[in-house]
Amino acid sequence: MILNELNQLLKESVAKVATKNALTFEQKLLEQVEFEISAEQLRGDYASSCCLKLAKHFNKKPVEIAEHVAANLDDSMISEIRIEGPGFINVFITPETKGALLKDILTHGDSWGATKDCTGKILLEFVSSNPTGPLHVGHGRGAVLGMAIANLLENIGYEVTKEYYVNDAGRQISILTSSVLLNAYVEDFDPDGTYEGTYVKELAERFKSKFGALDKEVDFGSLDEDKDIRLDTISAYFKSEFKQAWEEANEFSVSEILNLIKKDLQKFNIVHDHWFHESSLGVVEDDKSDLSKALKIIKDREHTYNKDGAEWFKTTEFGDDKDRVLLRENGEPTYYLTDVGYHKNKIDRNFDACINIFGADHHGYIPRLTAAFDVMKKDHQNIEFLLYQLVNLYEQGVKKTMSTRRGEYFSLSELREDLGPDVIKFFFLEKKSDHPMDFDMDLAKDESKNNPYFYAQYAYVRCCSILSKATFDPNSEIDLKEIENCFEIVSKTINYPLVLKEYALERSPHSLVHFVKDFSATFHSFYEQNPVLCEDKVTSNSRLLITSITKQILKNSFKILNVEPLEKM
RNA sequence: GCGCCCGUAGCUCAGCUGGAUAGAGUGCCUGGCUUCGAACCAGGAUGUCGGGAGUUCGAGUCUUCCCGGGCGCACCA
């Protein structure tokens, strides 16, 4: 990488200047001695502000330091060095170097941008929506984000396992099962608190035709006014009086809804490597279960106490605002303990990092999960959380709050059927994930440059269109002046691996979307002003090179964003 | 009340560990298709970076206090 070589030169030069002036050096300061990629041609290809940072330490004027440092910078790839402004060093790379690099990039092809700079195993958990209903739009944002981050991380060398945590146990699942049984076998019931979507009615129909009639009448007796008590009574009743129906309905409902979710995700080309079921965590009574292993470790390390008959974890010692219950008064594990058990399992699988992508409404879990993780983890491991904020849908300028009268959010499949998966992915990824998003459905449908998705696709289509008529000939001559004229495309192409690495480390796919938009704009502009298929063979070949690398960069970027590039529109 | 996130052009948003003149798109105005796809391009106008104070060569970026908006504060999942 050209920037790495330049940085090496710069550091050596600064070290020389320091020695000459009998100055000692801290490692930390040397880390700040770096070039950055210039945004505009006037400032060269690479620029460094290191002399401004060193000024105080050296007790000299930045410009003066810059002159000394620049004097040592000598390499055949540098055509010119300028010291400008308060003491910036701007370096210009020779067009010959750039031309050679570009040709080399084409031979890398689809792998250009990928590096092996990082190693390690990462577990990325995302979506993990309860299997009690189809995915809504908000889940979609998490799903799309997770996939893009996985791609970014893999691109820099990490081994990533994408995992979906299935909450297939607990009260919500009981309520789902009850809802299915009620819809299937009870004519008149109070739906308050049950799951009510049409998918539940369909599930009930299908369950009924599969399982058949019940062997006796359903009679709950008198039910409590309170909805929570009522629902629990109904669940308990079904569980004891219709054991077989309950178990089958439970299994049937969860697996059917999971299929629904899997199908939704597939349509977005979002694929998890592993579906981890909560039910596999076992029970506290079994010492070999993840649940009891987790509990034991926290107890053994003396982070727990007993209060009101319940077992508490002193998470406040780790910055949480209150302590958390692990085992309830009745001996049952809390949801929190199952999550802790799940993370114990992740730890035992030896991942170097566990990244959890959560909806921002779950941010309260971060301190308590971090606490548990830190108690149980091995030295090399760490945990990280990425939050995404709500998605607000707008149509005709009006906010679509809820999809149905029951307060269900707009479903992801409805949105996909309306717009198609790729434009949704592009829009979801365009905004920073911790920024609430206004999703303009009319803009997403618009097929013009107003719509950044189409704008970027159109750039790719134009490349394809040109390259279907002629191709770059690597053995023929190119005009280096043409390369110089396309400063931005060339610079972004050469430095592409660096920015991808940065985006991965910052976990910011939105930056890649902005990159793609900018890059597309630059190409559209180039296209309008420079006829690629022109009389002059050398000029044409040079522009075909520019077109080819543009196509390649767009293709590779779309791949990471998990968006299919269009060759025709 | 406590905690987290957000506040940048009329609107939707970028802005890298503090760096050169705060940027895109949209909307508004003006030009450009006999020619590689005009689903496009070129040009013009647009700012108290929510507000105050502080840190320093330098602050949209860091600290602190206010203001405004969103979310979360279970022995639910």
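These figures come from a predicted structure and were not determined experimentally. First the proteins, then the strands, lettered A, B, ... as listed; each starts at 1.
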Using a 4.0 Å heavy-atom cut-off, does [X] contact any base of the nucleic acid, only the sugar-phosphate backbone, or nothing at all?
| X | answer |
| --- | --- |
| A:His524 | sugar-phosphate |
| A:Ser465 | base |
| A:Ala169 | sugar-phosphate |
| A:Arg324 | nothing |
| A:Asp168 | nothing |
| A:Asp308 | base |
| A:Gln457 | nothing |
| A:Val461 | base |
| A:Pro531 | base |

Considering only atom [atom1], compute the distance from [N] to [M] and round it to an integer number of Å.
| N | M | atom1 | answer |
| --- | --- | --- | --- |
| B:rG54 | B:rU61 | C1' | 15 Å |
| B:rG18 | B:rG58 | C1' | 8 Å |
| B:rA53 | B:rG44 | P | 35 Å |
| B:rU26 | B:rC67 | C1' | 29 Å |
| B:rG47 | B:rG7 | C1' | 15 Å |
| B:rG68 | B:rC62 | C1' | 23 Å |
| B:rG37 | B:rU21 | P | 43 Å |
| B:rC13 | B:rU46 | C1' | 16 Å |

Would you mind reading off the distance between [X] atom [atom1] and [N] atom [atom2], rounded to a whole angstrom?
| X | N | atom1 | atom2 | value |
| --- | --- | --- | --- | --- |
| A:Asp361 | B:rC5 | CG | P | 15 Å |
| A:Tyr503 | B:rA14 | OH | P | 13 Å |
| A:Arg368 | B:rG72 | CZ | C1' | 10 Å |
| A:Glu40 | B:rA20 | CD | P | 10 Å |
| A:Glu430 | B:rU12 | CD | C1' | 8 Å |
| A:Ile37 | B:rC16 | CD1 | C1' | 10 Å |
| A:Leu512 | B:rG15 | CG | P | 13 Å |

Any strand counts, and the cut-off is 3.5 Å on both contacts for Watson-Crick or G-U wobble. Which nucleotide pairs with [N]?
| N | answer |
| --- | --- |
| B:rC36 | none |
| B:rG3 | B:rC71 |
| B:rA42 | B:rU30 |
| B:rU17 | none |
| B:rA24 | B:rU12 |

Quick one: sort the A:Tyr305 and A:Trp312 rings into parallel, tilted or perpendicular, breaks at 30° and 60°.
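Ring orientation, 0 to 90° scale: parallel.
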Can you find an N or O donor on one side and an acceptor on the other, under 3.5 Å apart, linking the side chain of A:His363 with the base of B:rG3?
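For A:His363, whose side chain was compared with the base of B:rG3, there is a donor-acceptor pair (under 3.5 Å).
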Compute the ring centroids of A:His362 and A:Phe385, then answer whether they are less than 6.0 Å apart.
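No.
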Please find out if less than 6.0 Å separates the ring center of A:Tyr164 from that of A:Phe276.
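Not close enough - the centres of the two rings lie 6.0 Å or further apart.
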Please determine if A:Arg462 forms a cation-pi arrangement with A:Tyr527, meaning its NZ or CZ atom is less than 6.0 Å from the six-membered ring centre and no more than 45° off the ring axis.
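The answer is yes, since A:Arg462 meets both limits relative to A:Tyr527.
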Under 4.0 Å between a side-chain N or O of [X] and OP1 or OP2 of [N]?
| X | N | answer |
| --- | --- | --- |
| A:Asn450 | B:rU12 | no |
| A:Arg462 | B:rA38 | yes |
| A:Lys432 | B:rC6 | no |
| A:Ser49 | B:rA20 | no |

Once you round to the nearest 0.5 Å, how far does CD of A:Glu36 lie from OG of A:Ser49?
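Those atoms lie 5.5 Å apart.
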From A:Asp361 CG over to A:Gln389 CD, what is the distance, rounded to the nearest 0.5 angstrom?
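One gets 9.0 Å once the value is rounded to the nearest 0.5 Å.
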Pick the nucleotide of RNA chain B nearest each of A:Gln389 and A:Leu533; which residue has the one closer to the 5' end?
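By nearest-heavy-atom nucleotide position, the 5'-most residue is A:Gln389.
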Out of A:Val127, A:Thr338, A:Asn356, which one pairs with A:Tyr165 under the side-chain contact (heavy atoms from CB on, under 4.5 Å) rule?
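For A:Tyr165, the side-chain contact (heavy atoms from CB on, under 4.5 Å) check succeeds only for A:Thr338.
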Kindly label the base of B:rC33 as syn or anti, based on whether its glycosidic torsion lies within 90° of 0.
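Syn for B:rC33; the angle stays within 90° of 0.
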Has A:Tyr455 got its ring stacked on the base of B:rA39, with centres under 5.5 Å and planes less than 30° apart?
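A:Tyr455 ring does not meet the centre or angle cut-off for B:rA39; no stack.
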